[in-house]
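Note that the structure is predicted; figures quoted are calculated from it, not measured. Chain identifiers are assigned alphabetically (A, B, ...) following the order of the sequence lines, protein sequences preceding nucleic acid strands; residue numbering begins at 1 within each chain.
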Amino acid sequence: MGGLGGDTRRLQSRPLSRAFFEVDAATLAERLLGCVLVRELAGGERMAGRIVETEAYVGVRDRASHAFGGRRTARNESMYGRAGIAYVYFTYGMHHCFNVVCASAGDPQAVLVRALEPVEGLARMREHRAGAGASDGGARGPAMKERMLCSGPARLCEAMRIDRAMDGHDLNRAGAVWIGEPSGEEPAVRMERGERVRRAARIGVDYAGAWASRRLRWVLDGNPNVSRRVGGRPGRGRAGNPVGVGMVA
DNA sequence: CCACAGATTCTCT
DNA sequence: GAGAATCTGTGGC
């Protein structure tokens with residue numbers, strides 16, 4: 001279990017409306033859980049994953065945000081754009097992270113997508129992630145565990161080949177990157193999967209003072225693809241990287 | 001399972 | 001020149 005996992009499966013979904021994104025970041029972060037991030041390669045090949053973890057960056061007053069204090073540069077320009085476009089940034093000298101811009105133009109709010117449950121195009125994801133994962137039982141390439149493909153903001157970008165070229169793209173219509181509506185996300189379905197919506201403090205923002213402890217992270221806890229489990233609990237493998245585990249509600 | 005160091009380069013001060 | 005919304009391998013228990 002623990003996955004819709006079929007590799008050859010063709011996901012049925014359609015793009016969300018622009019209005020879906022025209023809400024504040026905290027609202028969107030929770031709403032995006034269960035939605036599907038779709039990536040279409042130049043050749044028409046598709047990859048897709050169900051969003052299982054998000055973080056909200058709530059605006060100019062948020063010390064952890066790239067737009068804190070109204071900071072506006074070439075790098076974060078997309079944060080000031082209209083709701084429903086992508087904000088992709090490069091960090092730590094080698095990683096990309098994917099965000100969904102929300103609220104309204106001029107109000108720089110965004111949601112960081114931190115983890116996906118792989119749904120379609122897993123073989124392609126493994127190719128893109130080949131080279132990593134040698135510590136996970138020596139599983140490179142075709143043998144890489146499914147939960148190592150998209151369980152982190154930089155991992156999912158590498159798996160789906162998302163980079164700065166996709167910065168500013170509309171996510172509300174089919175294209176290179178877009179977001180589809182959720183399917184079968186009723187509470188009962190989540191329970192059956194052993195998932196529970198939980199909130200926690202954001203990851204990697206210790207520099208943000210009081211904003212570092214605000215619970216602006218949303219997780220489908222219990223899903224094996226979550227980057228770091230909330231609160232501790234039984235966990236396996238590296239899906240539960242211990243650094244900076246957030247507090248529970 | 002847990003903790004820590006190293007990688008690697010773009011971005012802004 | 002410093003720091004970064006991270007990931008991975010290694011080493012200890």
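When the nucleotides B:dC12, C:dT6, C:dT8 are ranked by their closest atom to the side chain of A:Arg129, C:dT8 comes out on top. When distances are taken from the side chain of A:Tyr207 to each of C:dA4, C:dT6, B:dC10, the shortest belongs to C:dA4. Set against C:dT6, B:dC12, B:dA7, the side chain of A:Ala154 has C:dT6 as its closest nucleotide. In the set B:dC10, C:dA5, C:dT8, C:dT8 carries the atom at the smallest distance from any side-chain atom of A:Met148. Of the candidate nucleotides C:dT6, C:dA5, B:dC10, C:dT6 has the atom nearest to the side chain of A:His95.
Within 4.0 Å of A:Ala64, counting heavy atoms only, lies at least one base atom of the nucleic acid.
OP1 or OP2 of C:dT6 has at least one side-chain nitrogen or oxygen of A:Arg114 nearer than 4.0 Å. Look at A:Arg155 and you'll find a side-chain N or O under 4.0 angstrom from OP1 or OP2 of C:dT8.
A distance cut-off of 5.5 Å between ring centres, combined with a plane angle under 30°, leaves A:Tyr89 outside any stacking arrangement with the base of C:dA5.
With ring centers used as reference points, A:His66 lies under 6.0 Å from A:Tyr89.
One atom, CZ of A:Phe68, and another, C1' of B:dT11, lie 18 Å apart when rounded to the nearest Å. For the pair A:Arg228 CZ and B:dC1 C1', the interatomic distance rounds to 15 Å; values are reported in whole Å. A straight line from CE of A:Met144 to C1' of C:dT8 spans 10 Å, rounded to a whole angstrom. For A:Arg71 and C:dA4, the CZ to P distance is 11 Å, given to the nearest whole Å. Residue A:Met94 contributes atom CE, which lies 16 Å from atom P of B:dA5 at whole-angstrom precision. Summarising the geometry, the separation between CZ on A:Arg72 and C1' on B:dT11 is reported as 17 Å, rounded to the nearest angstrom. Separating the CG atom of A:Asp163 from the P atom of B:dC10 is a distance of 13 Å, rounded to the nearest angstrom. When the C1' atom of C:dT6 is taken as reference, atom CZ of A:Phe98 falls 18 Å away, rounded to whole Å.
Side-chain atoms of A:Asn172 do not come within 3.5 Å of backbone N or O of A:Pro15 as any donor-acceptor pair. Under a 3.5 Å cut-off, the side chain of A:Asp62 and the backbone N or O of A:Ala64 do form a donor-acceptor pair. The closest donor-acceptor contact from the side chain of A:Tyr87 to the backbone of A:Val111 lies at 3.5 Å or more, if one exists at all.
For the pair A:Arg164 and A:Phe90, the cation does not sit on the ring face, since its NZ or CZ is not both under 6.0 Å from the ring centre and inside 45° of the axis.
For the pair A:Gly93 and A:Ala74, both in contact range of DNA chain B, the more 5′-proximal nearest nucleotide belongs to A:Gly93.
A donor-acceptor contact under 3.5 Å is not formed by the side chain of A:Tyr92 with the base of C:dA5.
Partner assigned to B:dC10 is C:dG3, using Watson-Crick or G-U wobble distances below 3.5 angstrom.
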